Amino acid sequence: MGGWAIAVHGGAGVDPNLPQERQEEAKKLLARCLDLGISALRSNLPAIDVGELVVRELETDPLFNSGRGSALTENGTVEMEASIMDGPKRRCGAVSGLTTVKNPISLARLVMEKSPHSYLAFSGAEEFARQQGVETVDNGYFITEENLGMLKLAKEANSILFDYRIPAVGLESCSVGPPDDNLLAMNGLPISLYAPETVGCVVVDSQGRCAAATSTGGLMNKMAGRIGDSPLIGAGTYACDLCGVSCTGEGEAIIRGTLARDVAAVMEYKGLSLQEAVDFVVNERLDEGRAGLIAVSRNGEVACRFNTNAMFRGFATEDGFTEVGIWD
């Protein structure tokens, strides 16, 4: 065993003109979450507990696109999704279409531990939340003025926006003209801005147990009922006895490439190291998609890879390595 390790992310793809103040806010939040996870690991909490704890913190802060501060649907509401996976026995839980659950990642954990299923969605997930007595709030709790402004921008552009924190004063400066050759497409449809901010955490504890957790509000101006990669085990989230992986980016491409599971698969079947596996998957399994991922191995390694311009990320290992960054 190589000791414990933890990695967190706040999304792959960042507005190149993101103000320095916002960059510092993001790095402070990632550092705070790392410190929370490090303290828990030093207290010998299992990896699955640490992953849930850190993602709850990210869901509570409105800076990134999960929990409070989630992206809005075309109807101006929030529909959240999350998943969590415990590596040793590959137990997992996932939820989608949440509108009142304050911390989706914890409901995903309850699906794993307190239900006979692995995935609950929409009214069924909400009813299960009430049965389990989890904290719920009005949908308005999750909605920020900033996201209302971005939804307006998206509707004016007649497009989906990959969500990022655009300062209110900068909304009028964002291009909403016709798509050009530099813009991405999702299933053939143009996307005006690329910078998703799904959150995730991967952990390996001192016993070599890996876990992964991912949570998001999805895409700004998405169709009601849309489900992305984050709650899909093997796509946005995966953990086994070899590694834990959390993905972020163009959800449809991550789903097609079963990105998270592929990291574990090439480690197992091709004998690649963690970083080699992460590099291979991002280079070979995304086709023309844009995404990033973080991963840990049972040996206490951390790895990251993204083919976007940037990725909000942070890492720490038991041997003292710590890093928080945004740009390539």
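Only this structure's heavy atoms are used, side chains among them; waters, hydrogens and symmetry mates stay out. Small disclaimer: the values here were computed from a predicted structure and weren't measured.
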Problem set entry | Electrostatic pair Lys152:Glu156 at N-O distance under 4.0 angstrom | yes

Exercise. Please walk me through it: do Glu127 and Arg130 pass salt bridge (charged side-chain N to carboxylate O under 4.0 Å, His left out)?
Worked result: CA-CA 5 Å; Glu127 175 61 26; Arg130 288 190 290 271; 2.8 Å; yes

Exercise. Partners of Ser246 by side-chain hydrogen bond (donor to acceptor under 3.5 Å, both in side chains), sequence neighbours excluded?
Worked result: His9, Thr214

Problem set entry | Arg22 and Glu146 ion-paired at < 4.0 Å | yes

Exercise. Between Asn147 and Ser70, is there a donor-acceptor pair closer than 3.5 Å when you use the side chain of the first and the backbone of the second?
Worked result: yes

Exercise. Is Asp49 paired with Arg109 through a side-chain N to carboxylate O contact shorter than 4.0 Å?
Worked result: yes

Problem set entry | The single option from Gln275, Met267, Arg285 passing side-chain contact (heavy atoms from CB on, under 4.5 Å) against Phe280 | Arg285

Exercise. Is any side-chain heavy atom of Leu151 closer than 4.5 Å to a side-chain heavy atom of Lys155?
Worked result: yes

For this session: With sequence neighbours left out, write down each residue that passes side chain to side chain contact (heavy atoms under 4.5 Å, CB included) with Ala40, or none if nothing qualifies.
Result: Leu45, Val50, Leu53

Exercise. Taking 4.0 angstrom as the limit, do Glu252 and Arg226 come out as a salt bridge?
Worked result: yes

Exercise. For Glu59 and Arg56, what are the C-alpha separation, side-chain angles and deciding distance, and is it a salt bridge (charged side-chain N to carboxylate O under 4.0 Å, His left out)?
Worked result: CA-CA 5 Å; Glu59 289 174 338; Arg56 280 180 62 95; over 6 Å; no

Problem set entry | Thr100 vs Glu126, side chain to side chain donor-acceptor pair (under 3.5 Å): CA-CA, chis, key distance, verdict | CA-CA 7 Å; Thr100 67; Glu126 294 278 347; 2.5 Å; yes

Exercise. Pick from Thr99, Ile227, Leu98: which one makes a side-chain contact (heavy atoms from CB on, under 4.5 Å) with Phe122?
Worked result: Ile227

For this session: Ignoring hydrogens and angles, tell me if any N or O in the side chain of Asp205 forms a donor-acceptor pair with the backbone of Gln207 under 3.5 Å.
Result: yes

Exercise. Is it true that atom CG of Asp328 has more than 12 heavy atoms of other residues, nucleotides or ligands lying nearer than 6.0 Å?
Worked result: no

Exercise. Quick check: does any side chain N or O of Arg298 sit under 3.5 Å from a backbone N or O of Arg209, one acting as donor and the other as acceptor?
Worked result: no

